Amino acid sequence: MLGVTGLGGGVTFTSEGWVHTLVTVLTGPATAVPLLLFASSARRVSLSTLGLTQYLAPVMQLLVGVLVQHEPMSVSRWIGFGIVWSALVLLTVDSFTAARRGARPDAVPEPA
């Protein structure tokens, strides 16, 4: 629509020079390669490990926002952050405890 109407600069794929075209073409592989690597590595780890690693990106974004960009964090946000991570610690401890209990040969099964 923008190319036909000329709004917003229109189509700029080939009109802005070879560097612009090259960068535009390389955005596909720049997006696809990390996704393919993630899919390949996700098959090699347990689902619980994969689930916990999904929290790394938001935490890194939080750290950049607070430490680098000096974004204000209210007390209620810190409390929410603490609640989420407390729950994740409990989940992780429970997962390790259950895995260790299942790995012991003398483990007594829990009643259903």
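Numbering starts at 1 and runs along the sequence shown. Only a predicted model underlies this, so the values are computations on that prediction, with no experimental measurement involved.
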Solution key, residues 89-96 side-chain donor-acceptor pairs under 3.5 Å, sequence neighbours excluded:
unit_1	atom_1	unit_2	atom_2	d
T92	OG1	L88	O	2.8
S95	OG	L91	O	2.9

Taking [Y] as the starting point, is it possible to reach [X] by hopping between hydrophobic residues whose side chains are less than 4.5 Å apart?
{"X": "L26", "Y": "W18", "value": "yes"}
{"X": "Y55", "Y": "I83", "value": "no"}
{"X": "L67", "Y": "M73", "value": "yes"}

| query | Is there a side-chain contact between L50 and T53, using heavy atoms and a 4.5 Å cut-off? | reply |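 Result yes, sub-4.5 Å side-chain heavy-atom pair found.
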| query | Given side chains that start at C-beta, do those of L62 and E71 come closer than 4.5 Å, heavy atoms only? | reply |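 No; the side chains remain at least 4.5 Å from each other.
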| request: Spell out, as yes or no, whether a donor-acceptor pair under 3.5 Å connects the side chain of T24 to the backbone of H20. | output: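 Looks like yes, one N/O pair under 3.5 Å.
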| field | Any side-chain donor near an acceptor of the partner, R44 and S40, under 3.5 Å | value |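 There is such a pair between these side chains.
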| query | Would you call the rings of F81 and W85 parallel, tilted or perpendicular if under 30° counts as parallel and over 60° as perpendicular? | reply |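 It falls in the tilted class, 30° to 60°.
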| Distance (rounded to the nearest 0.5 Å) between R77 CZ and I79 CD1 |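 That separation rounds to 13.0 Å.
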| request: Please step through side chain to side chain contact (heavy atoms under 4.5 Å, CB included) for the pair V33 and L36, ending with a clear verdict. | output: CA-CA 5 Å; V33 169; L36 291 171; 5.5 Å; no
| Greater than 12 external heavy atoms within 6.0 Å of L47's CG |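 No, the 6.0 Å shell around CG holds no more than 12 heavy atoms from other groups.
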| said: Give me the atom names and distance for the closest heavy-atom approach of P34 to P29. | reply: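 The answer is CD-O, 4.0 Å.
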